Amino acid sequence: MKKIIRVTTVPISLGGLLEGQLKFMSQHFDIIGVSSSGKNNDLEKVSLDEGVPTYAIEMTRKITPIKDIIAVYKLYKLFKREKPFIVHSHTPKAGTLSMLAAKLANVPHRLHTIAGLPLLVASGFKRFILNTVEKITYSCATKIYPNSFGLKHIILDHKFTKEEKLQVIAKGSSNGIDTNRFNPNKDKDQNKKLQLKKDLNILDTDFVFVFVGRLVSDKGVNELIEAFEKISKKQNNVKLLLVGTYENELDPLLPKTIHVIENNKNIISTGWVDDVYPYFTISDVLTFPSYREGFPNVVMQAGAMGLPSIVTDINGCNEIIIEGKNGTIIPVENSDILHSKMLQILSNKLKYSSEACRELIVSRYSRQVIWDALLEEYQKLK
């Protein structure tokens with residue numbers, strides 16, 4: 001079988017971001033995984049879970065010239081020894097280092113998936129450096145896979161590469177989601193659902209808006225709390241479920257937002273949870289007014305659970321959600337329109353079919369759809 005080496009900067013990306021994908025591809029190709037070693041034998045765990053050999057090459061997520069040169073050399077040596085047909089990288093640093101090393105090693109097919117562009121929020125000299133690094137990555141790659149059509153347009157607008165080098169796999173997303181796991185009919189035990197509602201002080205008559213993600217300003221949480229506060233002053237049978245943790249050091253919420261979260265009895269904050277599935281089962285609508293995203297799993301997960309979503313008009317979200325079909329799209333940083341849409345859903349002026357919400361995700365973003373499309377792409381390469 002032809003050999004493919006998949007590269008990410010850290011093992012959590014190799015085993016989490018690409019969960020199941022390496023195992024699937026190993027049925028068709030000789031697959032090797034590469035990333036930094038991580039902590040607690042993380043890379044070894046990926047090897048066991050995916051059933052493929054892995055190699056540890058230390059890569060940092062920051063700009064570290066000496067360490068980066070060492071990593072390029074080690075990647076180059078690995079590629080020369082293994083002679084892969086394809087090197088396919090994910091995550092920014094792994095992309096730059098492995099695409100450069102693969103070109104030096106004369107690997108015939110050098111593929112890189114783009115899941116977001118952190119440089120878009122940088123400025124000054126840092127932006128110049130990041131732009132330069134991005135262009136180097138693209139010039140060394142033979143094919144670039146943006147994980148959304150919006151991202152493809154951004155890349156072209158910034159003239160990072162030519163259009164013929166770009167292709168979105170299937171309808172977007174790097175790995176899709178497990179629609180068997182996120183299935184409202186998966187768990188028939190209603191007692192679990194009733195117990196969770198009881199634990200959270202949610203009544204059967206309550207309508208539940210849910211937010212899943214980091215409780216930070218960039219996720220639009222300030223606007224969400226402002227909009228919900230207006231609703232809860234007039235209606236008591238509405239709850240807002242916040243599933244996620246604060247990041248006060250990096251991106252704190254406004255003090256007045258925190259005050260409302262802590263004092264409004266209709267707002268329930270769970271903190272960090274390992275499994276978001278149970279919280280979708282007791283919710284009615286996802287509210288996700290984020291400022292910027294790659295291709296958010298949360299919106300796909302909610303849809304697979306039959307929930308409509310209120311999302312902002314940003315990359316990824318505005319492709320997953322089709323206006324009027326599985327949710328509604330609002331402007332960024334606009335609590336008034338968010339409030340209006342939440343009220344329209346509460347009053348049944350906006351109605352969505354849970355079956356339609358799920359089907360739109362299953363047909364476009366289930367993992368098997370993404371894997372089959374990527375496999376077809378690999379098999380086209382000569």
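No experiment lies behind these values; they were computed from the predicted model shown.
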Discussion item. Looking at Gly38, is its backbone amide N or carbonyl O close enough to the side chain of Ser36 to form a donor-acceptor pair, meaning the two atoms are under 3.5 Å apart?
Written reply: no

Worksheet item: With the 4.5 Å side-chain cut-off for hydrophobic clustering, are Ile321 and Met342 part of the same group?
Response: yes

Discussion item. With rounding to the nearest 0.5 angstrom, report the CD1 to CG distance, Ile330 to Asp313.
Written reply: 9.5 Å

Worksheet item: Do Ile310 and Ile345 have side-chain heavy atoms sitting under 4.5 Å apart?
Response: yes

Worksheet item: Does a side chain donor of either Thr8 or His90 reach within less than 3.5 Å of an acceptor in the other side chain?
Response: no

Practice prompt. Check whether more than 12 heavy atoms from other residues, nucleotides or ligands sit under 6.0 Å from atom CG of Asp204, and answer yes or no.
Written response: no

Fill in: Value rounded to 0.5 Å, distance of CG in Asp187 from OG1 in Thr281
8.0 Å

Worksheet item: Do Ile4 and Met25 have side-chain heavy atoms sitting under 4.5 Å apart?
Response: no

Discussion item. Contact between Val238 and Phe228 at the side-chain level, heavy atoms closer than 4.5 Å - yes or no?
Written reply: yes

Discussion item. With a sphere of 6.0 Å drawn around NZ of Lys380, does it hold more than 12 non-hydrogen atoms of other residues, nucleotides or ligands?
Written reply: yes

Worksheet entry | Backbone N/O of Phe128 and side chain of Thr132: donor-acceptor pair under 3.5 Å | yes

Worksheet item: How far apart are the C-alpha atoms of Arg181 and Gln301, what are their side-chain angles, what is the distance that settles it, and do they pass the side chain to side chain contact (heavy atoms under 4.5 Å, CB included) test?
Response: CA-CA 9 Å; Arg181 181 179 168 218; Gln301 290 166 353; 5.5 Å; no

Worksheet item: So among Val212, Val210, Leu224, which one has a side chain to side chain contact (heavy atoms under 4.5 Å, CB included) with Leu242?
Response: Leu224

Discussion item. I'd like to know whether Ile86 forms a side chain to side chain contact (heavy atoms under 4.5 Å, CB included) with Lys2, so could you lay out the CA-CA distance, the side-chain angles of the two residues, the decisive distance to 0.1 Å, and finally the verdict.
Written reply: CA-CA 8 Å; Ile86 295 169; Lys2 291 178 178 176; over 6 Å; no

Item to complete: Could you check if a side-chain atom of Thr113 sits within less than 4.5 angstrom of a side-chain atom of Ile169, using non-hydrogen atoms only?
Response: no

Worksheet item: Roughly how far apart are Thr137 OG1 and Ile144 CD1, rounded to 0.5 Å?
Response: 7.5 Å

Item to complete: Could you point out which residue of Asn334, Leu350, Val285 forms a side chain to side chain contact (heavy atoms under 4.5 Å, CB included) with Lys341?
Response: Leu350

Worksheet entry | Nearest heavy atoms of Ile261 and Ser269, plus distance in Å | CG2-CB, 4.4 Å

Worksheet item: Hey, does the side chain of Glu333 reach the backbone of Tyr291 with a donor-acceptor pair shorter than 3.5 angstrom?
Response: no

Worksheet item: How are the rings of Phe280 and Phe182 set relative to one another: parallel (under 30°), tilted (30 to 60°) or perpendicular (over 60°)?
Response: perpendicular

Worksheet item: Leu240 and Thr287: side chain to side chain contact (heavy atoms under 4.5 Å, CB included), yes or no, with the steps?
Response: CA-CA 9 Å; Leu240 175 61; Thr287 46; 4.1 Å; yes

Fill in: Residues in side-chain contact (heavy atoms from CB on, under 4.5 Å) contact with Leu196, at least two apart in sequence or another chain
Leu200, Pro278, Tyr279, Ile282

Worksheet item: Can any side-chain N or O of Thr9 pair as donor or acceptor with the backbone N or O of Ala94 at less than 3.5 Å?
Response: yes

Worksheet item: So, Arg358 side chain and Met305 main chain: donor-acceptor pair closer than 3.5 Å or not?
Response: no

Discussion item. Quick one, Lys219 and Asp251 - any side-chain contact, counting heavy atoms below 4.5 Å?
Written reply: no

Fill in: Atom NE2 of His259 with >12 non-hydrogen neighbours under 6.0 angstrom
no

Discussion item. Quick check on the hydrophobic clustering: are Val133 and Ile63 connected, directly or via other members, by side-chain heavy-atom contacts under 4.5 Å?
Written reply: yes

Worksheet entry | Close side-chain approach of Asp68 to Thr96, heavy-atom, < 4.5 Å | no

Fill in: Side-chain donor or acceptor of Lys239 paired with backbone N/O of Val208 under 3.5 Å
no

Worksheet item: According to a 4.5 Å side-chain heavy-atom criterion applied to Ile, Leu, Val, Met, Phe, Trp and Tyr, with indirect links allowed, do Val221 and Ile231 form part of one hydrophobic cluster?
Response: yes

Item to complete: Please go through Ile5's hydrophobic cluster and name the other residues, only I, L, V, M, F, W, Y counting, with side-chain heavy atoms under 4.5 Å joining them.
Response: Val7, Ile32, Val34, Tyr55, Ile57, Met59, Val72, Leu75, Tyr76, Leu78, Phe79, Val87, Leu97, Met99, Leu100, Leu104, Val107

Fill in: Short side-chain donor-acceptor distance under 3.5 Å, Glu226 and Asn222
no

Practice prompt. Return yes when atom NZ of Lys143 has more than 12 non-hydrogen atoms of other residues, nucleotides or ligands closer than 6.0 Å, and no otherwise.
Written response: yes

Fill in: Plane angle bin for Phe29 and Tyr378 - parallel if under 30°, tilted between 30 and 60°, otherwise perpendicular
perpendicular

Discussion item. Using every non-hydrogen atom in the two residues, find where Ser13 and Thr91 come nearest and quote the distance to one decimal.
Written reply: OG-CG2, 3.7 Å

Worksheet item: Are Ser148 and Asn315 close enough, and set up right, to give a side chain to side chain donor-acceptor pair (under 3.5 Å), and what steps lead you there?
Response: CA-CA 7 Å; Ser148 73; Asn315 179 68; 2.7 Å; yes

Discussion item. For Asp42, is there any backbone N or O sitting under 3.5 Å from a side-chain donor or acceptor partner on Asn40?
Written reply: no

Worksheet, complete the sentence: Smallest heavy-atom separation, Asn297 atom then Ile177 atom, equals OD1-CG2, 3.9 Å

Item to complete: Indicate whether the side chain of Ser366 and that of Gln368 have a donor and an acceptor atom separated by less than 3.5 Å.
Response: no

Worksheet item: Going from OG1 on Thr312 to CD on Glu223, what distance comes out if it is rounded to the nearest 0.5 angstrom?
Response: 9.5 Å

Discussion item. Ignoring hydrogens, what is the shortest heavy-atom contact between Ser89 and Ser98? Give both atom names and the distance.
Written reply: CB-OG, 3.2 Å

Practice prompt. May I ask you to test the Gln21-Arg6 pair for a side-chain heavy-atom distance under 4.5 Å?
Written response: yes

Worksheet item: With a 4.5 Å heavy-atom cut-off, do Asn266 and Lys233 have their side chains touching?
Response: no

Practice prompt. Evaluate side chain to side chain contact (heavy atoms under 4.5 Å, CB included) for Leu374 paired with Phe24, printing each intermediate quantity in order.
Written response: CA-CA 11 Å; Leu374 183 59; Phe24 170 76; over 6 Å; no

Practice prompt. Say whether Phe211 and Val243 are linked into one hydrophobic cluster, either directly or through other cluster members, by side-chain heavy-atom distances under 4.5 angstrom.
Written response: yes

Worksheet item: Would a distance-only check, ignoring hydrogens and angles, find a side-chain to backbone donor-acceptor pair under 3.5 Å from Glu58 to Ser37?
Response: yes

Discussion item. Ignoring hydrogens, what is the shortest heavy-atom contact between Thr54 and Ser47? Give both atom names and the distance.
Written reply: OG1-CB, 3.5 Å

Worksheet entry | Residues, nucleotides or ligands: over 12 heavy atoms within 6.0 Å of Lys3 NZ | yes

Worksheet entry | For Met300 against Ser173, the heavy-atom pair lying closest together | CE-OG, 3.8 Å

Practice prompt. Determine, using the 4.5 Å side-chain heavy-atom cutoff (strictly less than), whether Leu18 and Val168 are members of one ILVMFWY cluster.
Written response: no

Practice prompt. Look at the side chain of Arg364 and the backbone N and O of Ile320, then say whether any donor-acceptor pair between them is shorter than 3.5 Å.
Written response: yes

Item to complete: Examine the side chains of Glu19 and Asn175 and answer whether a donor and an acceptor come within less than 3.5 Å of each other.
Response: no

Worksheet item: Are Phe207 and Phe209 an aromatic pair by the rule of ring centers under 6.0 Å?
Response: yes

Worksheet entry | Pairwise distance CG(Leu14) to CG(Leu43) - rounded to 0.5 angstrom | 6.5 Å

Worksheet item: From Lys93 NZ over to Lys67 NZ, what is the distance, rounded to the nearest 0.5 angstrom?
Response: 9.5 Å

Worksheet entry | Glu319 (side chain) donor-acceptor with Gly150 (main chain) under 3.5 angstrom | yes

